[in-house]
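Residue numbering restarts at 1 for every chain, and letters A, B, ... go by the order of the sequence lines.
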Number of protein chains: 2
Amino acid sequence: MMARRRSATLEGDTRAIDDAASARLRAAGQRYTSQRRALVALLAGAGSPLPVPAILAAGGGLTQSSAYRNLAVLEQAGVVRRVVTDEGFARYEPGEDLMGHHHHLVCSKCGRVEDVALSADVESQLDRSLDRLARGAGFASVSHRLDLIGICRDCG
Amino acid sequence: MMARRRSATLEGDTRAIDDAASARLRAAGQRYTSQRRALVALLAGAGSPLPVPAILAAGGGLTQSSAYRNLAVLEQAGVVRRVVTDEGFARYEPGEDLMGHHHHLVCSKCGRVEDVALSADVESQLDRSLDRLARGAGFASVSHRLDLIGICRDCG
DNA sequence: CTTCCTGCAAAAGTTTTGCATTAAC
DNA sequence: GTTAATGCAAAACTTTTGCAGGAAG
């Protein structure tokens, strides 16, 4: 079955994500330590962006300060992405090009966050519209962040 | 010239926004004090969402705690909206139905935020797609938040 | 006069930083 | 061996809360 949609990204492939992370950190002059490896594996397997407390609770045995420091390094290397919601704290997920471009369904009651993808044609039409809009406003090299806010099945 | 696009919202009309704010606060059992009036006027005239330090610096003479408390009250009454970016602090703007539905152009270098609107047809097609997507995931009553991230003319 | 709002001060929460120690290359 | 990563503790920062005094209805 080759029905899985083709993609230029590494999607759920943990091994490939690990390799990419290694290469990018090396390129950035950073070491790929076991803590960082564990962080990347945890985020890659999570299916939704994780807040720092959840990362600490996952048992990797890392300190709060190391978590923040390593996440910052991984973010700068383009391996992870910092996701903000209106919860008052940040969440982290693998970078766009590792996970594939996607959006978030956010429950406004419980804060639950789920990954979702837009269909390719809607996404590309949106991209074109946003590009035009941004150019008109003098903004360059535009990406976008689209979140859906609603009530999840458990809270509804 | 009446070329200004028709809209069901109050858009830039400060007087109408003030009246609406008054009505909503009364309906919520809250008073429309001079501080709150000043807050609403400030946000309505700003053209982009303001962080609390900027609100304090605007000279209204209000305290930090009063600013946060009043913004929370105004948010619950549906008069203002709390906007989160990845800056580590929140910004505030007049509520959607007062300002009109719009999005934000965010400069990833300097943090500058500008209001922009999508064309009506792109917006409505997007709405339909997102509704379908959310329903499929079991989410109800969905709104969306779309930000464009790029480099502004001053930073480019 | 009763209720809510305001200011001041302290607390709570997340994230950052300093410094000595340990691990990676 | 040299350089960078880690743990612990303290600090910085945004936001929230307690409480006494003051304004609004």
Any B/N70 side-chain N or O less than 4.0 Å from OP1/OP2 of C/dT6: yes

Pair B/T85, B/E87: side-chain N/O donor-acceptor within cut-off below 3.5 Å: yes

Quiz item: A/R69 side-chain donor-acceptor pair to D/dG7 base, under 3.5 Å: yes

Side-chain N or O of B/R31 closer than 4.0 Å to phosphate OP1/OP2 of D/dG25: no

Residue-phosphate contact under 4.0 Å: A/T63 side-chain N/O, D/dG7 OP1/OP2: yes

Between C1' of D/dG25 and CG of B/L25, the distance in whole Å: 15 Å

Under 4.0 angstrom between B/S66 side-chain N/O and C/dG7 OP1 or OP2: yes

A/L71 CG to C/dT15 P, straight-line distance once rounded to whole Å: 10 Å

A/L56 CG - C/dG13 C1' separation (whole Å): 14 Å

Pairwise 5' ranking along DNA chain D for B/Y92 and A/R36, keeping only the more 5' one: A/R36

Whole-Å distance separating the CD atom of B/Q64 from the C1' atom of C/dA9: 11 Å

hbond_proxy B/S65 side chain to C/dC8 base (donor-acceptor, 3.5 Å cutoff): yes

Sugar-phosphate only, base, or nothing, as touched by A/G29 at under 4.0 Å among non-hydrogen atoms: nothing

Closest non-hydrogen atom pair between B/D97 and B/G78, with its separation: OD1-O, 4.0 Å

Touch class at under 4.0 angstrom, heavy-atom based, for A/Y68 against every strand present: base

Candidate list B/D115, B/L98, B/V113, test side chain to side chain contact (heavy atoms under 4.5 Å, CB included), partner B/E93, passing option: B/D115

Sugar-phosphate, base or nothing in reach of B/A90, heavy atoms under 4.0 Å: sugar-phosphate

Residue closer to the 5' end of DNA chain D, B/T33 versus B/F89 (nearest nucleotide): B/F89

Touch class at under 4.0 angstrom, heavy-atom based, for B/R26 against every strand present: nothing

Presence of salt bridge, B/R37 and B/D18, under 4.0 angstrom: yes

Distance, rounded to the nearest Å, where B/L50 contributes CG and D/dT14 contributes C1': 17 Å

B/H104 versus B/P49, closest heavy-atom pair with distance: NE2-CG, 3.5 Å

Side-chain N,O (A/Q35) to OP1/OP2 (D/dT6) below 4.0 Å: yes

B/L62 side-chain proximity, nearest of D/dT15, C/dC5, C/dG7: C/dG7

